[in-house]
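Let me begin by presenting the structure, written as structure tokens, before commenting on it.
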Protein chains: 2
Amino acid sequence: MSRANAISPARLKDAVPLFAALGDATRLGLLVSLCSGGPLTVTRLSGQFEVSRQAITKHLEVLSEAGLVKSSRQGRERIWTFEPKRLEDAHQYLERLSKEWDVSLGRLKAFVET
Amino acid sequence: MSRANAISPARLKDAVPLFAALGDATRLGLLVSLCSGGPLTVTRLSGQFEVSRQAITKHLEVLSEAGLVKSSRQGRERIWTFEPKRLEDAHQYLERLSKEWDVSLGRLKAFVET
DNA sequence: AAAAAAAGCAACCAAGAGGTTGCATCTGCC
DNA sequence: GGCAGATGCAACCTCTTGGTTGCTTTTTTT
């Protein structure tokens, strides 16, 4: 009954910064802004929150390293855009977990019925 | 074109601790253990990780407050079990975000084509 | 050319997170 | 009763995180 874990350590390692990036109120807010309000600059974004522009910059960097946003320079301003791909990744990790759980339930059921 | 945000602040507030709980390597590992290996005790779980039993206890408490696990006393030991419901919640938050993004893309497309 | 807008950089700070050790408490069993 | 296993509780420590302020650099605009 022992078998390889369906969720490899490598996958876990990739999932951690992704979920961690989502686990902050300001950053979630930023994501919502970017994905419903379209691409925006840092100064524009920081107008919507209670914290300083520099704080927002740091949050955007965290989101960026997690792959959830990307930025591009345009003249004197930097435009930040939402990156939907990584959201799909996060979704898959959750999917994998709940699938694992279902399998586990199935095993238990089979065991009980034997 | 302005309209109420599809992702309410209340929902965001609930999502934060959920994602934050998932954003740690040890906690993700615990979840994997619990959902593929079935209900386990703290001491049993801490055997699978490099950190102390107390550290694991703290992590389980975080997971518990996020609603991702629950525990019950059985004699002198406490059994921790995976709670799949909250995973579904997390899934829905992600879904909402990507839906919001799609809507936003739709608006942009409509605007360009006008 | 000078002023203003946008962003970048760096130092610093307080609070929280993750971890540890040590000891107390509860429960099952001989 | 008394021992051993499992957990609970509390103090403590260190590093990270989220935030700040102040100053510089780059690019527009007038």
Side-chain angles (χ1 to χ4, degrees), chain A residues 9 12-34 37-82, chain B residues 9 12-34 37-82:
Chain A
L12 277 192
K13 220 168 199 168
D14 179 62
V16 167
L18 191 46
F19 287 124
L22 295 169
D24 176 277
T26 309
R27 284 196 293 268
L28 263 189
L30 285 170
L31 275 190
V32 172
S33 285
L34 285 179
L40 286 170
T41 80
V42 193
T43 25
R44 214 109 164 71
L45 280 166
S46 57
Q48 310 177 11
F49 298 85
E50 300 280 290
V51 294
S52 69
R53 173 178 58 86
Q54 287 82 347
I56 299 293
T57 299
K58 286 191 186 177
H59 281 305
L60 286 170
E61 270 159 16
V62 173
L63 288 171
S64 172
E65 286 196 26
L68 286 163
V69 302
K70 74 166 195 265
S71 72
S72 65
R73 212 49 196 277
Q74 258 182 48
R76 70 176 152 181
E77 42 188 34
R78 176 177 296 280
I79 312 290
W80 294 87
T81 51
F82 178 62
Chain B
L12 276 192
K13 220 168 199 167
D14 179 62
V16 168
L18 191 45
F19 287 124
L22 294 169
D24 176 276
T26 309
R27 285 197 292 268
L28 264 190
L30 284 170
L31 276 190
V32 172
S33 284
L34 285 180
L40 287 170
T41 83
V42 194
T43 25
R44 213 108 164 71
L45 279 166
S46 56
Q48 309 177 11
F49 298 86
E50 301 279 293
V51 295
S52 70
R53 172 179 59 88
Q54 285 83 347
I56 299 291
T57 298
K58 287 191 186 178
H59 281 304
L60 286 170
E61 270 160 16
V62 173
L63 288 171
S64 172
E65 287 197 27
L68 286 163
V69 301
K70 75 167 195 270
S71 72
S72 65
R73 212 48 197 272
Q74 258 182 49
R76 71 177 151 179
E77 42 188 35
R78 175 177 296 281
I79 313 291
W80 295 86
T81 52
F82 178 61

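Letters A, B, ... are given to chains in the order of the sequence lines, protein chains preceding strands, and every chain is numbered from 1.
Interatomic distance, A:Phe49 CZ to A:Thr26 OG1, rounded to the nearest 0.5 Å: 7.0 Å. Atom CG in B:Leu18 sits 10.0 Å away from atom CG in A:Leu22 (nearest 0.5 Å). In this structure, CD1 on B:Ile56 lies 10.0 Å from CD on B:Glu50, to the nearest 0.5 angstrom. One distance of note links CG of A:Leu60 with CG of A:Leu31; it measures 9.0 Å at 0.5 Å rounding.
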Contacts under 3.5 Å, N or O only, protein and nucleotides 11-18 of chain C:
from: C:dG18; atom 1: OP1; to: B:Asp24; atom 2: OD2; distance (Å): 3.4
from: C:dG18; atom 1: OP1; to: B:Arg27; atom 2: NH2; distance (Å): 3.4
from: C:dG18; atom 1: OP2; to: B:Arg27; atom 2: NH1; distance (Å): 3.2

Between protein and nucleotides 22-30 of chain C, what N or O pairs are separated by less than 3.5 Å?
from: C:dG22; atom 1: O6; to: B:Gln54; atom 2: NE2; distance (Å): 3.0

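Residue contacts for A:Thr43: at a heavy-atom cut-off of 4.0 Å it reaches the sugar-phosphate backbone alone, with no base atom in range.
Look at CD on A:Glu77: it is 19 Å from P on C:dA4, rounded to the nearest Å. Here the P atom of nucleotide D:dT16 and the CD atom of A:Glu61 are 17 Å apart, to the nearest Å. At whole-Å resolution of the value, CD in A:Glu65 and P in D:dG18 are 12 Å apart. For the pair B:Ile56 CD1 and D:dG8 P, the interatomic distance rounds to 14 Å; values are reported in whole Å.
For the pair A:Ile79/A:Glu77, a side-chain contact is recorded, criterion being any heavy-atom separation below 4.5 Å from C-beta on. The closest side-chain heavy-atom distance from B:Phe82 to B:Ser33 is not below 4.5 Å.
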Please report the C-alpha distance between A:Val16 and B:Asp24 in whole Å, then the side-chain angles of each, then the deciding distance to 0.1 Å, and finally whether the side-chain contact (heavy atoms from CB on, under 4.5 Å) criterion is met. CA-CA 6 Å; A:Val16 167; B:Asp24 176 276; 5.6 Å; no
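No side-chain donor-acceptor contact under 3.5 Å links B:Thr43 and B:Arg53.
Taking only side-chain nitrogens and oxygens, B:Thr41 comes nearer than 4.0 Å to OP1 or OP2 of D:dT7.
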